[in-house]
Amino acid sequence: MGQHDSDRSPPMTKRSRNDNDPGNDGSAKKIRTEPDSQQVSLSDDASPHDHSPATDDRQQDFEADIAKAIKLSMEQAEKYHCGLNGESSVDGDSGSPTSLPGRPQQQHHCPVCSATLVLSIGKFEQHVNECLDQGGNTLSTSTTTDKQQTSSWKQLFTSIPKTLHNAFTSSTSATTTTTTMTRTLISSTTSPRRYKSMPDYKWMKDTNFVVDAFSYGKIPDCEGYFLTHFHSDHYGGLSKSWSYGPIFCSQITANLVKHKLQVDEGYLSVLPMNEPTFVLPTIKVTLIDANHCPGSVLFVFDIQHSDATWTRHLHTGDFRANPEMCLHPLLRQPDNPTIDTLYLDTTYLNAKYGFPAQEECIQAACRAVESHIGIQDDARPKTALDRWVGQSAPPSPKITQSSAFDALMTGSKVANRSKGLLVVVGTYSIGKEKVFCALAKLLGSKIFVTQAKRSILRCQENKELENLLTLDQNEAQVHVVPLNHIKPENMYAYLKSLSPRFTSVVAFRPTGWTFRATKAEETEMEIGSLSQVTTPPLDRRLVLRPGHSSPTVKIYGVPYSEHSSFRELASFIASLDINHVVPTVNNESEKARTRMAMYLNKWGQDKQGKPIQVVPYPAISHW
DNA sequence: GCGATCAGTT
DNA sequence: CACAACTGATCGC
């Protein structure tokens, strides 16, 4: 996102950054029972959630206008910042935050009160801020003086929670809109950090818990911070100075948080896997493996109400959906309660994202390595088979023959033939372990990692994995390096540094976006019914093609994703009983939101009146 | 010098 | 160009 960095804390401020953190929208409510305004209903009583194209377009214009206006306001507010606490303003640099003299007046739409206003940008900002301050209950079009604007900013970041609380308890659709809008505006990319507020979907409904929300400072009334997994875009804001409340997560994630961020152990509350655990007298939480990265979990929240009834919500964090999850004793239908609200990882909730199962990718990577072992064999006379294998895009039946051929060779012979071949796998700090483990197994090799990487892997408490690791580059034919190191120049240099132990290198970049559905597949997915979308493709063969290829260096992208594909998301939704879905990814774009709502509504309709059963699968590990 | 954040990169 | 997630640079304190 193109962030503009025009906003710095004024030097004289006495408030700490955290004090400035608004943590505002919606944060002051008690138990939340309002439906999130962005959720999509999958239930029979599916209330249409106003996503007509016309509305969206206008909405988009509003947001764009407002984002601009807000940015300007922020800059102006910045100048006043010293006065925000009601302390005497420091004179000097503040200057006059005028309404930009010389600007023509133009028509604007206030996103809060919906009024159409003909005002200069500066005056318009004042109006919007006033509206925001009042929780959207004003229809006033009056402008404010500069001084009033100052106090209006103070209010926005200190008093809004109360305002919104009131708004929430009075529960009108207008205030719901306001809440969402407030969030949208303030968290827009043009806003300075300390004004960032938390999106609604971070609150777990019917609780005072938040999920993956560490970058908003202290969140008022928040009783617990849940962390789904250890990736920086989810733990962002966590550091050793964390003191805002208990963090609930898996053992592996807790290990990583301790090791990498030095968060005080006292704040870490490890929950067991697969075992409903009371975190409050009326709330139990179950962790289920999310199939994303080590330690990643789904959170099942079961909440008991005062009338002794229970409500269930499921937060997927980041996840790669598979049949195993839907067959989990605590999720499978019909043995378990309906999921009222599903907080869904919608990263790839778009028909253009179709990619193979992880197993298929790993197989394909293994076949690629096998083909290079063939090429490496200078001693062996060239056969027709070798010539096939040596082609850059060998037809897959011949690949199969190659695998069969290699399988016939004795272990030592394979090892000998591949001795000078180095296999490099790129990873982020955690994740993609299955890829390098499978390759190491194929080659009967250990895995080279740096010390730093080893201590990260040790957080998984997996002795089998640890025993495969080595710190000696020469001892392992499989090397794990940071993903962004895998580019041609680096690989040539790396190979040279390891000469003469290794003579060629095959490198893999496992990443989700290498692969795209064909246009035809995309169209079918786009318009297909739920059962059509969940139907697997007939041809699931995957042949990797190197993105870079020379006699000594080959680099392959592998469509190895740790997020669900479009088809898997559809399969997951089809396999469970769900009332509502709240997307947790791609929410910033109106276009994406509309698109996601469209799919979810359609699928919801397709499910009507049909019994819930797990979508047929070729293996329990994938659809 | 440390912590936080953003732009750039694959 | 898609995306997620990381690194390095830069800023403020």
Side-chain angles (χ1 to χ4, degrees), chain A residues 1-21 78 81 187-196 212 214-217 228-243 256 260-263 292-293 296 317-320 345-355 424-432 450 452-453 456 480-491 507-519 522 547-548 555-566 569 584-589 591-592 595:
Chain A
M1 306 277 165
Q3 302 267 9
H4 285 281
D5 212 19
S6 48
D7 50 83
R8 297 290 163 206
S9 270
M12 305 300 284
T13 179
K14 292 194 177 162
R15 311 173 84 197
S16 76
R17 281 172 167 255
N18 289 330
D19 288 338
N20 284 331
D21 268 329
E78 197 59 49
H81 192 227
S187 69
S188 92
T189 54
T190 48
S191 311
R193 179 189 93 85
R194 67 187 169 289
Y195 302 127
K196 187 171 65 174
D212 295 345
F214 297 92
S215 57
Y216 310 96
T228 59
H229 66 289
F230 193 73
H231 273 156
S232 57
D233 49 336
H234 292 257
Y235 66 68
L238 250 187
S239 70
K240 64 179 162 196
S241 58
W242 178 262
S243 62
L256 288 159
K260 294 273 282 187
L261 307 176
Q262 284 94 48
V263 169
H292 177 67
C293 65
S296 65
D318 279 359
F319 83 133
R320 180 130 192 205
D345 166 18
T346 44
T347 300
Y348 293 130
L349 186 54
N350 181 322
K352 71 183 179 199
Y353 296 116
F355 39 76
V424 171
V425 180
T427 71
Y428 296 133
S429 78
I430 60 170
K432 330 272 178 179
T450 60
K453 178 74 180 177
I456 289 168
V480 175
V481 306
L483 194 52
N484 57 355
H485 282 199
I486 300 194
K487 41 186 155 181
E489 321 88 87
N490 289 358
M491 289 302 102
F508 293 100
R509 308 187 75 256
T511 159
W513 63 267
T514 312
F515 218 68
R516 253 191 99 114
T518 65
K519 219 38 190 170
E522 181 181 335
H548 173 91
I555 300 179
Y556 291 91
V558 186
Y560 184 92
S561 173
E562 291 183 331
H563 291 274
S564 314
S565 69
F566 186 72
L569 288 170
T584 58
V585 183
N586 294 326
N587 263 316
E588 270 57 58
S589 148
K591 211 173 154 184
R595 178 192 291 277

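Labels below follow one simple rule: chain letters A, B, ... track the order of the sequence lines, proteins then strands, and each chain is numbered from 1.
- The interatomic distance linking N490(A) (CG) with dT9(B) (C1') rounds to 12 Å, in whole Å.
- For the OP1/OP2 pair of dC3(C) and a distance below 4.0 Å, the side-chain nitrogens and oxygens of Y348(A) include no atom meeting the criterion.
- In terms of modelled atom types and a separation under 3.5 Å, the side chain of R320(A) and the main chain of S561(A) share a donor-acceptor contact.
- Looking only at atom types and distance, the side chain of H234(A) has a donor-acceptor partner in the side chain of D318(A) under 3.5 Å away.
- Atom C1' of nucleotide dT10(B) and atom CD of E489(A) are separated by 11 Å, given to the nearest angstrom.
- Across the protein-nucleic acid pair, D212(A) atom CG and dA4(C) atom P stand 14 Å apart, rounded to whole Å.
- Between T347(A) and Y353(A) the shortest heavy-atom distance is O-CE1, 4.4 Å.
- Side-chain nitrogen and oxygen atoms of S241(A) include at least one within less than 4.0 Å of the OP1 or OP2 phosphate oxygen of dA4(B).
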Between the protein and nucleotides 5-8 of chain C, list every N/O to N/O distance that falls short of 3.5 Å.
unit_1	atom_1	unit_2	atom_2	d
dA5(C)	OP1	H231(A)	ND1	3.1
dA5(C)	OP1	H292(A)	NE2	3.2
dA5(C)	OP1	H563(A)	NE2	3.4
dA5(C)	OP2	D233(A)	OD2	2.8
dA5(C)	OP2	D318(A)	OD2	3.2
dC6(C)	OP2	S232(A)	N	2.9
dC6(C)	OP2	S232(A)	OG	2.4

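- Atom CZ in R509(A) sits roughly 12 Å away from atom C1' in dC3(C) (whole-Å rounding).
- For T347(A), the listed nucleotide lying nearest its side chain is dA4(C); candidates were dA4(B), dT10(B), dA4(C).
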* **side chain to side chain donor-acceptor pair (under 3.5 Å) between D212(A) and T228(A), intermediate numbers included** => CA-CA 7 Å; D212(A) 295 345; T228(A) 59; 2.7 Å; yes
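- Taking atom CG of N587(A) as the reference point, atom P of dC3(C) lies 14 Å away to the nearest angstrom.
- Ring geometry, F508(A) versus Y556(A): the interplanar angle falls under 30°, so the pair is classed parallel (tilted spans 30 to 60°).
- Rounded to an integer number of Å, the gap from NZ of K432(A) to P of dT10(B) is 17 Å.
- For K352(A) and dA2(C), the shortest distance from a side-chain N or O to OP1 or OP2 is not below 4.0 Å.
- The aromatic rings of F230(A) and Y235(A) sit parallel, their planes meeting at an angle under 30°, below the 60° perpendicular limit.
- Listed pair S239(A) / dA4(B) meets the phosphate criterion, a side-chain N or O lying under 4.0 Å from OP1 or OP2.
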* To do: Go through the steps to decide whether T427(A) and K453(A) satisfy the test side chain to side chain donor-acceptor pair (under 3.5 Å), and finish with yes or no.
  => CA-CA 10 Å; T427(A) 71; K453(A) 178 74 180 177; 2.9 Å; yes
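- If you take NZ of K240(A) and P of dG1(B), they are 14 Å apart, rounded to a whole angstrom.
- Atom CH2 of W242(A) is separated from atom C1' of dA4(B) by 14 Å (rounded to the nearest Å).
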